[in-house]
Structure formats: structure tokens, C-alpha cells
Number of protein chains: 2
Amino acid sequence: MQDDAPPTRVSTLEDVALVAGVSRASVSRVVNGKPGVAAHIVEAVTDAIARTGYVPNRAARSLVTRRSDTVLVVVSGSDTSRAGPWGPGELLADPFFGRVAGGLMSSLRPRDIHPVLMLAVTDDERSRVLSYVREGSADGVLLVSAQAGDPLPQMLTDAGLPVVLFSRPDHPLPLSYVDVNNRAGGALAADHLVARGCRSVGIVTGPLDIPGAEDRLLGFREAMARHGVAYVPSAPGTFSVESGATAMEALLTQHRVDGVFASNDNMAVGAILAAQERGLSVPDDVAVVGFDDSTAALMCRPTLTTVRQPIETMSAEMARLLLERLDAPDQRPSAAIFEPVLVERGSA
Amino acid sequence: MQDDAPPTRVSTLEDVALVAGVSRASVSRVVNGKPGVAAHIVEAVTDAIARTGYVPNRAARSLVTRRSDTVLVVVSGSDTSRAGPWGPGELLADPFFGRVAGGLMSSLRPRDIHPVLMLAVTDDERSRVLSYVREGSADGVLLVSAQAGDPLPQMLTDAGLPVVLFSRPDHPLPLSYVDVNNRAGGALAADHLVARGCRSVGIVTGPLDIPGAEDRLLGFREAMARHGVAYVPSAPGTFSVESGATAMEALLTQHRVDGVFASNDNMAVGAILAAQERGLSVPDDVAVVGFDDSTAALMCRPTLTTVRQPIETMSAEMARLLLERLDAPDQRPSAAIFEPVLVERGSA
DNA sequence: CTGAAAGCGCTTACAG
DNA sequence: CTGAAAGCGCTTACAG
């Protein structure tokens, strides 16, 4: 099939009106499903649309409605997160972002709203986020921040833009967010380790300036205290596999732990590898519990016992909250907190 | 800082013109950096822009320029790929997509072109891709297809839309694409296994209706033939960890292999796990080579020896090709093929 | 080098 | 219920 026809001018509302023999206003009404249009007009227009292959021009519509039907999805990282072994894509290489994207899209698609992706690492990029919304290109922003002390949430609320975050902001701000109950998650891990008979328990934390990481630590410690354990040794990690391994070694040599909670799955994988490298058996010599239930949880041996965070559900809700806010701009910000569940597999 | 000011009407070209005391045309010229504007006008306008906080309205501009400065990034999967243990986000949970996104953005950002993300799994979604471009919402499409027999490339070329694929299409089509030299990659794996002294070598293939998977097999077999090995046992996989494990077991029991090439890293991880579960040592009893150099390559023990595919570079080039095509629509389609390199680590 | 004017393709009061 | 008309905020020939 040859198709060398010149890209014929795409047809407009006007063309449809001509073909249907009605006014442009009527065509517009039919296209937008407005009520109160006579049946014979609807038919004529529908027909004409089919014959002309009409597709509404989004820019023209957007110019008058002042809606773009687009939301900005911004992934905000720190400068250091950009250059890694996998280059500039590294920040996004974490399966976490893909799962978030999938969740968002499940809420956005039914409403026919489209996500445009933006990375915000530099100051320049952060101000682009604001401009993008100001120029009417997006109606609001969904922010996934992997950065402690991120100025973006503040900038966004100051500008009065509709915004929803994934994760609680690191200082109180009048905006909506979704999060998992990190404290409850930490407690789940502690309870499980204790129930399995661990007597010397430690924790590999995430960066403690990130609220979620601190809450996991807090919840873990509180639960251990309830079990009568006042002191819980901890070693800091950065959420990467290697940092988990390093932290685990510290815990092993300095505290001879027999049970460890790592604040995410990547670090849990690192912890397992580190233990095994020292000839220890997981979970017999040392049990390991992760957090997330990421794809990595099934790639290691033993498979990972972990605190599941329902990422897709959370991000779907995140998009829903933004949509709601767009429909009713004066609504108060709200938070949706999800309860984690422990998924028991091989490592603890 | 309270900011309860009503969202003041955003200023327009007209406002700037008024403040600067020039015509709208002049403002437009300096905003767009057109040459031949008197210095004093440029200054007055620049000033007025700063004072008014003017940001051009994208819809209005787009309506007249017929450019959206947006490209559609579509991830096309099969129906079955949507529902998995991780739900609807699963298709995107593969770190591969995040790395591609990162690569694309590195080419798009300097040109200030924005990517909107779309999943195309159902027929309805596929036709939405066409509509989206037809309504002027995007200037072209970047397609990453994880699906054999995907009708989308054909649909896109038929419609005469600017499009670039990641991976060679499964039948010849007049469109641009980027790919890795899969045959050379297969050969690299074969050469390495032979050089290490493996005497009974097998391959875990991907789905063979995907051109890349077939090429890896072909390249592997050809190279083995050059080494005097006429027969290479193979077991099929689906690119998942589990399928790699299953295939590995077949190879181990039926062919007592001591060297295996898995057509991607996920399957290589599965293969290693399967070998270890049978008490075999990797690489001593059986060596394993993967393909991709994904994040998984460093998460397993031993770490994975693998054929590296420069995903970020490839996708950056992919975006560059589309941009080029948008600048010069009549250009012939072209393909950019990248040479893989073997990354030697612990598993082979 | 600059400005007045037309026009991009829609939606939406406003009359009728 | 329908249509004529204004207007959304830009860019771009066209004169001057």
C-alpha cells in the first residue's frame, strides 16, 4: 500500500459544519457531548465527522477553555543522583519510578489526561516546572521527590499551583500527598523479627533527612521497645545495594546481629549478599526484612521477606487527588496514608 | 509567608506591549529572539517582561505555529503484559524503560521539547496514539515496543507520522530506528564462553518472534560454528527471571551444559539461581553470560558477565533522529546501530 | 526596523 | 434548540 498523498490539510470544525449543513456552534456542542441538541443535528454532525475524519485541535480548544488536560509528572533528584554507572538515566532506572508511572496512568487515562515527564535536578529545571504550568501547558503537577530538602514543594505551593506529592514533605506545607504508614511498616518488621526468635536485632536505615526513612526507623525502634528491647543498633545507608552491604557488615562485626531490617529492598539485597559473603546463612544465621516489595525481592536468594508498599495503588490515588483538586480548586489539601503489609518469603 | 492573593490573571503579550510602549509584533519578535530588532526596543521589552512576569501561552503559540514542541513516547506491550504480580505498572517496572526515558530526555531537554507518556496495549489505546498526534498535541512519536507483531509501527507509517522506534521493526517498514547489533552481541557471548574453556554450551533465548531475540540466537550460533561447534542446544524464555530459571534447568538436565548465554540479564539471573539451587557453582561448574547490563547485573552473586547495550546512548540518539526528522520532514528514514561490548564480571 | 491587521481553530455568552 | 459573533493569545505576511 503506497501512501504518497501529500499530508492533506486536516479538517476543522468549520469543514464539519459545512458538510453537516449546520453552524460551528452546533458541531462544537455535539463534539463535546453537550445536552439539548436535536437528534437530527447530532446525526448529521456525527456523520460529517466520520466522513471528514475530523479531530479537534487541542491547542485551539485549550486556548479558550484554559485547560490543557495535561499534568506534569516531575521526578526530583539531587545533583549527585544524575551521574552514576548507568549515566543520566540512572535516577529513573529504579523500577520504583516505572511502577509509579503505571499507577498514575491508570487514574489519568480514564479521564483522558496526559502526563508529561520532567526531571528536576538543577535550579534551572525547577523553575522550568513553574513556567511550564504558568504557560498553560499543564493543569497541575505530580511530584515524586527522591531528594531531601527539596525546594520544589515549597516553590509550588508558594506559586499556588495544584500539586500532589508522593511522600510526606519534609516540613509541613499546605499540599496534598500520599504516603505509606512508614512507622507501622517499621513496626511490622520488628514484630516479625522478634516473632521469629531473633535476639540481637539491627537496622539499616535510609538517609535520615528523608521523612519516610526516619519514620521507618522510629516505628522499628518503638516496636522493639514494646518487646522490651531498649537499644537497637543502626547503620546508615543510601537506599542503594552497595550501601546496604556496607551497613550490614558494620552491623555484623560490631553487633553480631541475628536479625536486620533494611529500610528498602535494594539495601536488603545488599545485606543478604554481605551476610552470605561472610559465610553466614540467611535466614538461619541472620534474618533480613526489606521494605517496598520491589522487583528485586524475587531476584535474590533467599527471596526477600519484606514490608509491602502498594506503589501502584498509592500513585493512582495521587493522580486522583490532583484531578479532584483541579475540579474543585478551593478544596483543602488532604493526605492519603496507606497501610503496609508484611510479605513473608525466604529471608526472614 | 501568606499568599492568599487571588490567582491574578496571568499577563499576556498585549500587557507587555503596553508596558513597553511597543507593538505586540515587536514583543513577539524579542520573545522569540528574532533578529533585526533595535536595541532600545529589545531592552524595553525585556524590561517589561521582567516586570510583568510574562510567560507566553503555549496553546496560543501552538495554534499558529502548528508545532506542539511535544513528542509522544509510547510503550507498547501485549495484553498479557499488563496484569502481573505488580499490577498494571508491571510493564513499566522493568528498569529498561526508566533508562530509555532518561536517554530520551537528555536529547529532548536542550531543545525544550517535552515527552508525554502513553501506554499502548489495547486497540483503543493504539488509535489514541494516532489521534493525539492528529489533534496537534504532539509532533511525532517515539515508540518502544515490547511486543511481537505490534501493529503500531505499521499504523504510524501508514498515517505518515514522524516516528522512530527502539529496535528494528519485525518486518521492513520505511521508518527510522535505533538498535544494538544483536548478532555481534551473541557472537561476543559465544567467543567469551569458548575462550573460558566451556565445552558444552547452550543458550536461553528470548521470544523468537522478536527480531532482537532471534538475532542474538543467530549471532551466537554463527560464532559457535566458527569455533567448530555445529550444534547449540537452546531453551526458550520470555525475558523474565523465572523463565530463565526454567530454561536453565532444561539445559542442565538435558544437555549438561557448562556455559550458557541468556538473551537478557533477567533470564541470566534466573539461570544463575537455578544452577545454584542444584548445587552447581557459577562460574566454575557452569558459566553464565547475560545481555543488557541492567541494574540486575550487580544485584546477583556472582555478579553478571554480560553484553552491554548502551541504552541511554541509544535512546538519546532515537530522540535526536526524531528531532532531525521534524526539522526536515522529507528526509529518508535511517537506522542507527550500536556495537555492544562484553562486560566481564564474576559469572563467566 | 516597526506596527496594524488578519488569522490559527476552537468555545461560549447572547439573541432569537 | 440553533446560529452569528466575539474572543482566547499568539505569529506573520504586508506596508511603510
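Below, chain A is the first sequence line, B the second, and so on; all start at residue 1.
Inter-residue side-chain proximity for L156(B) and V129(B) is flagged as met; some heavy-atom pair is nearer than 4.5 Å. Residues L92(A) and M105(B) form a side-chain contact, since some pair of their non-hydrogen atoms from C-beta on lies under 4.5 Å apart. The side-chain heavy atoms of V31(B) and P56(B), taken from C-beta on, include a pair separated by under 4.5 Å.
Rounded to the nearest 0.5 angstrom, N57(A) CG and R66(B) CZ are separated by 7.0 Å.
The CG-C1' distance, from L18(B) to dG3(C), rounds to 14 Å in whole Å.
Contacts classified as side chain to side chain donor-acceptor pair (under 3.5 Å) and involving residues 315-325 of chain B (residues at least two apart or in different chains) are given here: E317(B)-R320(B), R320(B)-E324(B), E324(B)-Q331(B). Screening residues 126-152 of chain B for ring pair (Phe, Tyr, Trp, His ring centres under 6.0 Å), with sequence neighbours left out, gives H114(A)-Y132(B). Residue pairs satisfying the side chain to side chain donor-acceptor pair (under 3.5 Å) criterion with at least one member in residues 136-146 of chain A, sequence neighbours excluded, are listed as follows: S68(A)-D139(A), E135(A)-S137(A), S137(A)-R58(B), S145(A)-D150(A). Sorted by first and then second residue, the pairs that involve residues 151-175 of chain B and meet ring pair (Phe, Tyr, Trp, His ring centres under 6.0 Å), not counting sequence neighbours, are F96(B)-F166(B).
For A20(B), the side chain to side chain contact (heavy atoms under 4.5 Å, CB included) criterion is met by V22(B), A44(B), V45(B), A48(B), not counting sequence neighbours. Residues meeting the side chain to side chain contact (heavy atoms under 4.5 Å, CB included) test with D327(A), sequence neighbours left out: R67(A), R111(A). Partners of D123(A) by salt bridge (Lys or Arg N to Asp or Glu O under 4.0 Å), not counting sequence neighbours, listed by chain and number: R126(A). For R128(B), the salt bridge (Lys or Arg N to Asp or Glu O under 4.0 Å) test picks out D112(A), D124(B), with sequence neighbours left out.
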(message) For DNA chain C, please output the secondary structure as dot-bracket, reading 5' to 3'. Pairs are Watson-Crick or G-U wobble, both atom distances under 3.5 Å; mark crossing pairs with [ ], other-strand partners with |, unpaired with a dot.
(response) |||.||||||||.|||

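Near DNA chain D, meaning a heavy atom under 4.0 Å away, there are no residues from residues 127-141 of chain B. Taking a 4.0 Å limit (strictly below) on heavy-atom distances, residues 37-48 of chain A does not reach DNA chain C anywhere.
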(message) Can you build the contact string for nucleotides 10-16 of chain D? Use B for base contact, S for sugar-phosphate-only contact, and - for no protein heavy atom under 4.0 Å.
(response) BBBB---

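Residue S26(A) has no polar side-chain atom (N or O) positioned under 4.0 Å from OP1 or OP2 of dT2(D).
No side-chain donor-acceptor contact under 3.5 Å links S176(B) to the backbone of P333(B).
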